[in-house]
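So you know, we letter chains A, B, ... as the sequences are listed, proteins then strands, and number each from 1. Source: prediction; values computed, not measured. All values below were derived from every heavy atom in this structure, side-chain atoms included, with hydrogens, water molecules and symmetry-related copies excluded.
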Amino acid sequence: MFTIKNHLLFQKVLVYDLKRIIINSLRYYTNPPNLPELDLNYLCNSNNHEEISNNITSRKGVGDIKRVLNLKSKLDTINVTDKNYESLQRELCTELLRIPNRTHPDVAALQDEPKIIRLIGDKKVFDFKVREFFEIAKRLNLIRTEQLGNVSGSRSYFVLGEMAELEQALIKYTIEKLQKRNFNFISVPDILNREIIERCGLNTRGNRAQVYSLEPKMYGPDLCLSGTSEMAMGGYLINKTFSVDQLPIKFAAVSRCYRAEISSTAEERGIYRVHHFTKVEMFAVTVPEQSDQLLEEFRSIEEKSFGSLGLHLQTLDMPPHELGAPAYRKYDIEAWLPGRNMFGEISSCSNCTDYQSRRLGIKYKSNDGLRYVHTLNGTACAIPRMLIALTETYQTNKGVIEIPEVLQKYMSNKKFIGKQKKIPELKLVKHKK
Amino acid sequence: MILARRWLTCNSLNILKRTFSSALYVTGDKAHEVFAVLTPILDFDERLKNKSELEQNLKLRCLNIDLEKVENRWNFYKYLDEQKVVLEITKTEIGKEIVRLKASEEKNEKVIEKLMLHGKLVKDDLKVLKDYLYGVEESAVLNVLSIPNILHRTTPHNDESVIHSFLEKPKEISKFHLDIGVKNNLIEFTNPLFYFLKDDSAIFELLIGDYVSNTLLSSSFTQFSNADFCRSIVIEGCGANFFDKLQVFTLEKLHNDNNHDLSRLHLTGGASLYSFMAYFARHSVKPSYLPLKLFTLGRRYQPLNSDNTGLFNVSQESAVEIFLVTRDDDELENEFKKIIVEIIKIHEPLGHHFRLVYLPANQLKNYESLRLSIQMFSSYFQRYFEIGHCSICDSYLSKRLLFTYPFNKEWRYPKVISGTLLRVQPLLACMLEYNDANKCRDLLPNILKNPV
């Protein structure tokens with residue numbers, strides 16, 4: 001029925017709708033800057049040729065500084081109005097983007113091997129034959145990986161019963177730790193524009209790409225699944241400018257991560273390397289002068305968090321060839337996996353200095369004008385590897401898994417994970433016509 | 001026979017044009033290209049025993065399905081299939097007879113020759129019939145697979161039916177939740193695919209999922225953490241069209257993926273019916289485990305056209321999905337009643353108005369027999385939005401995807417209840433709008449600050 005009240009309501013809704021549509025259309029295109037403002041003074045200075053070339057070699061990375069310099073000198077000789085100017089400029093930009101970040105001097109001095117910088121806890125001594133995660137989890141009916149290829153894809157897995165509760169307990173435990181350290185929580189998209197992922201320093205195309213894409217014929221060529229929320233948080237910060245007193249800002253996100261990587265090595269059986277998993281990620285933006293210190297803070301958060309869970313850990317300062325393109329310095333934290341009798345990576349943290357911020361246009365206002373922030377990222381908790389480390393460390397001779405004391409309060413004060421008696425064993429039905 | 005053969009040969013030309021259309025039902029001629037994971041159970045003959053009920057069902061659901069045509073095609077397929085069996089038996093018998101005659105002392109060459117000629121004709125007929133049959137089989141079966149689930153007696157025919165309402169419908173008119181969210185630095189929204197929840201709204205997402213999980217755990221539910229991808233067969237098995245870009249996200253094939261186009265990977269998220277059905281497809285469970293009460297907390301992905309309703313319709317949601325497996329009608333009804341109590345137990349302590357509504361038949365999905373919609377009122381749009389649901393699926397899904405349990409030496413198909421008890425983003429949208437209308441700044445209800 002048309003009443004004055006309804007009419008006013010309609011008008012109000014209409015005004016908001018119009019306002020929203022206008023705002024949304026403005027917001028729709030949040031793209032990174034067209035041409036990243038790379039540090040041309042450094043990269044295109046022939047005096048730095050040797051240093052940059054050595055850096056590329058030691059990182060075993062891609063990038064051709066000689067070609068960069070050639071293109072730059074060509075570009076300098078032609079006029080801006082020249083018909084070739086734009087294509088040459090684009091070519092130079094592509095080559096410049098392939099040059100990896102600089103390397104921390106301490107890391108550059110390392111050879112091919114990582115340097116162990118810290119050991120936490122001791123190897124647990126068992127008075128019985130220790131088992132691997134997969135064997136324990138299967139025996140207690142805590143995981144399913146078999147017969148899933150035809151219904152949910154290769155290397156799929158379902159975490160069952162109390163192991164799923166343990167997964168959630170780990171997330172809660174990590175969130176609480178990060179809340180106490182003043183992280184800003186953010187919920188991020190898992191489907192991202194290809195450009196954002198590439199600007200964060202990951203290749204999304206080619207045979208060795210680790211990135212899933214949505215079907216281009218249906219959704220266009222540029223939608224990919226995020227491999228880590230670091231990229232979504234990078235996307236969130238695109239073209240943002242901060243004041244100095246706002247920095248550093250620390251973000252944390254819980255997200256699903258999708259990785260197309262495949263593996264067939266024996267070390268990576270079970271759920272060690274999977275295509276999808278949950279991760280709590282830390283990310284920070286800071287003034288350049290504080291990024292080294294913030295990396296140490298990230299490392300300390302990780303060490304304390306995993307250490308409190310009673311894991312035996314070693315922290316590694318990773319050598320240049322393990323850094324990937326964006327990182328200036330990277331620490332890996334490995335946990336001792338008694339069942340496998342080896343250390344396995346459970347976490348890492350990196351200082352990417354201005355590599356990502358220049359590509360994404362993230363700046364701050366300094367006394368000297370606008371400068372690029374430094375970005376850092378770190379794994380606060382990656383679920384599958386944590387489940388492996390905890391299960392193997394806390395296995396008992398009775399066959400059950402002890403729940404670490406700090407996690408018990410998130411699991412209704414349960415002390416052990418035993419056989420999941422409520423979850424049925426499945427039997428394959430081979431019905432054919 | 002020869003006439004029939006000519007007729008079949010003419011018609012068999014059409015077969016060449018036949019394209020791949022089903023991942024769920026793979027006919028024999030395609031089996032060398034697509035792996036037939038399972039064969040669905042088709043209960044069409046049983047459904048036809050109560051044809052008037054089925055006709056009424058299609059009418060109430062407003063489905064444009066010509067039941068006569070489906071039935072004719074199905075009967076024709078069955079007739080041809082019977083003919084095939086006759087020819088196969090004949091062929092075998094002729095073969096046996098030839099062997100017998102050859103081994104006998106008389107060796108009547110004339111009879112043997114006649115039989116061999118007959119055998120060849122039968123073999124040719126069989127080949128032509130088989131080639132033709134595949135096309136008929138596929139079209140008949142796909143028609144049958146498009147028939148929706150039976151309707152539950154409670155499903156309203158025309159209008160929705162409200163069965164529970166908590167607190168008064170808010171009278172105040174609020175601003176749009178995205179505007180509220182942006183103003184208070186709680187949301188950054190570019191489009192339904194690319195948005196961020198910040199600070200308290202991000203914490204809200206984490207805490208409310210946790211709260212619902214704890215409530216379900218205390219009610220003897222078992223937690224799962226599900227796979228996020230499903231293959232095409234599962235999507236089709238659950239009644240959706242995996243070729244439709246607006247129904248489910250399809251992933252690009254990886255360079256090393258040699259699977260056929262009917263076995264693509266789809267991004268559904270773990271908190272989905274698809275994921276649970278992928279878990280149980282073509283498997284049997286011991287009946288002693290039933291009723292089985294499972295839930296998962298995770299993501300759900302759904303392609304969307306932007307409809308400017310903000311968080312009410314986004315492509316990525318956090319959700320709590322339940323999946324119950326029951327033996328028979330009594331157990332199904334009983335568990336469904338308990339779920340309604342559970343929904344009330346979850347939502348009332350949050351202190352907001354909501355209502356539970358049975359949706360009319362024309363709003364049901366094909367796999368649903370009954371849908372209970374959990375709805376909240378948007379103070380901005382001045383209408384109700386669904387923030388969760390719970391559906392009786394009966395044995396529709398378990399028959400299609402071959403999920404069984406043994407009973408007295410035969411297979412039975414469990415009756416499934418599926419639902420999303422919590423969709424965080426639409427709930428958050430309503431809460432932001434209520435708070436704005438009531439000048440309340442605290443997004444987190446006490447129940448989340450002091451979880452049970």
Side-chain angles (χ1 to χ4, degrees), chain A residues 9 12-13 16-17 19-21 24 27-28 30 144 147-148 150-153 156-161 164-165 167-168 172 175 184-193 207 212-216 218-219 225 236 254 256 258 260 262 275-276 412 422-429 431-433, chain B residues 35 37-39 173 175-176 178-179 188-191 193-199 202-203 205-206 210 213 217 222-231 233-234 245 249-252 254-256 265 267 275 278-279 281-286 289 292 297 299 308 315-316 380-382 402 404:
Chain A
L9 173 67
K12 193 169 176 183
V13 169
Y16 271 117
D17 261 334
K19 194 172 144 198
R20 207 177 65 249
I21 290 164
N24 279 347
R27 282 190 209 134
Y28 200 89
T30 313
R144 179 178 163 209
Q147 300 290 350
L148 289 172
N150 286 319
V151 284
S152 28
S156 277
Y157 66 104
F158 285 73
V159 181
L160 316 176
E165 289 177 45
E167 174 175 333
Q168 207 176 325
K172 282 186 268 185
I175 290 169
N184 297 275
F185 277 81
I186 182 164
S187 171
V188 300
D190 301 331
I191 300 173
L192 296 177
N193 193 294
N207 285 354
Y212 282 109
S213 301
L214 293 184
E215 174 55 51
M218 291 175 164
Y219 310 100
L225 303 194
Y236 167 72
V254 184
R256 286 298 270 182
Y258 298 97
I262 47 164
H275 290 314
H276 36 69
S412 311
K422 280 162 68 183
I423 301 172
E425 310 266 342
L426 296 178
K427 199 174 159 196
L428 191 65
V429 181
H431 170 81
K432 297 281 177 195
K433 278 179 294 176
Chain B
F35 176 64
V37 179
L38 55 86
T39 308
I173 297 168
K175 289 180 191 157
F176 182 46
L178 287 188
D179 295 332
E188 196 163 300
F189 191 92
T190 304
N191 60 54
L193 204 58
F194 193 72
Y195 69 90
F196 297 86
L197 305 181
K198 302 192 281 183
D199 296 323
I203 296 287
E205 182 187 41
L206 296 169
D210 210 31
S213 298
L217 282 172
T222 300
Q223 188 162 5
F224 266 40
S225 180
N226 289 353
D228 292 272
F229 298 156
C230 283
R231 290 232 184 251
I233 184 173
V234 178
K245 66 175 186 178
F249 281 119
T250 302
L251 295 181
E252 187 180 26
L254 295 174
H255 65 281
N256 58 350
L265 273 183
L267 175 74
S275 198
Y279 185 86
R282 64 167 185 163
H283 277 92
S284 79
V285 297
K286 281 188 191 161
Y289 285 100
L292 196 57
L297 165 64
R299 294 278 210 234
N308 282 319
S315 290
Q316 174 184 312
Y380 167 69
F381 285 105
Q382 292 290 301
L402 213 62
T404 71

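- Put simply, of B:Ala278, B:Ser225, B:Ser275, the one with the most heavy-atom pairs under 4.5 Å next to chain A is B:Ser225.
- The closest side-chain heavy-atom distance from B:Asp199 to A:Phe185 is not below 4.5 Å.
- Here the shortest heavy-atom pairing between B:Phe249 and A:Tyr219 reads CA-OH, 3.3 Å.
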Could you go step by step and tell me if B:Val285 and A:Leu426 meet the side chain to side chain contact (heavy atoms under 4.5 Å, CB included) rule?
CA-CA 5 Å; B:Val285 297; A:Leu426 296 178; 3.5 Å; yes
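- Proximity of B:Leu217 to A:Ser412: side-chain heavy atoms (C-beta onward) are nowhere separated by under 4.5 Å.
- Of the listed residues (B:His283, B:Lys245, B:Arg299), the one with the most heavy-atom contacts under 4.5 Å to chain A is B:His283.
- The two residues A:Pro424 and B:Leu292 come nearest to each other via the heavy atoms CD-CD1, 3.6 Å.
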Could you walk me through whether B:Lys198 and A:Asn184 pass the side chain to side chain contact (heavy atoms under 4.5 Å, CB included) check?
CA-CA 8 Å; B:Lys198 302 192 281 183; A:Asn184 297 275; over 6 Å; no
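- Interatomic distance, CZ of B:Arg231 versus CG of A:Leu148, reported as 11.0 Å (0.5 Å rounding).
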Using side chain to side chain contact (heavy atoms under 4.5 Å, CB included), reason through A:Tyr258 and B:Leu267 one step at a time and then give a plain yes or no.
CA-CA 10 Å; A:Tyr258 298 97; B:Leu267 175 74; 3.9 Å; yes
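- Using a 4.5 Å heavy-atom cutoff, the side chains of A:Asn193 and B:Phe194 are not in contact.
- For chain A, no part of B:Ser315 is nearby; none of its heavy atoms comes within less than 4.5 Å.
- In this structure a side-chain-to-backbone donor-acceptor pair under 3.5 Å is missing from B:Gln223 to A:Val159.
- Within the 4.5 angstrom heavy-atom criterion, atoms from both the backbone and the side chain of B:Leu193 approach chain A.
- Both the backbone and the side chain of A:Glu165 come within less than 4.5 Å of a heavy atom of chain B.
- Of the two parts of B:Leu251, the backbone and the side chain both hold a non-hydrogen atom closer than 4.5 Å to a non-hydrogen atom of chain A.
- Counting heavy-atom pairs closer than 4.5 Å to chain A, the top residue among B:Thr222, B:Thr404, B:Asn226, B:Leu297 is B:Asn226.
- A:Ser152 OG to B:Ile233 CD1: the interatomic distance, rounded to the nearest 0.5 Å, is 11.5 Å.
- Counting only heavy atoms from C-beta outward, the side chains of B:Tyr289 and A:Glu425 approach each other to under 4.5 Å.
- The shortest side-chain heavy-atom distance between B:Tyr195 and A:Pro189 does not fall under the 4.5 Å cut-off.
- Looking at B:Ser284, both its backbone and its side chain come within 4.5 Å of chain A, counting heavy atoms on both sides.
- Both the backbone and the side chain of B:Arg282 come within contact range of chain A, with heavy atoms under 4.5 Å apart.
- Of the residues considered (B:Thr250, B:Leu265, B:Asp228), B:Asp228 shows the highest number of contacts with chain A, using heavy-atom pairs under 4.5 Å.
- Remark: side-chain polar atoms of B:Gln316 are paired, donor with acceptor, to backbone N or O of A:Asp190 under 3.5 angstrom.
- Here the two rings, on B:Phe229 and A:His276, have centers that are under 6.0 Å apart.
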Pair A:Tyr212-B:Leu254, side chain to side chain contact (heavy atoms under 4.5 Å, CB included): steps then yes or no:
CA-CA 8 Å; A:Tyr212 282 109; B:Leu254 295 174; 3.8 Å; yes
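- Residue contact with chain A, scored on non-hydrogen atoms closer than 4.5 Å, involves the side chain of B:Val234 exclusively.
- A donor-acceptor contact shorter than 3.5 Å links the side chain of A:Arg144 to the backbone of B:Tyr279.
- Per-residue counts of heavy-atom pairs under 4.5 Å with chain B were compared for A:Ile175, A:Val254, A:Ile423; the largest is that of A:Ile423.
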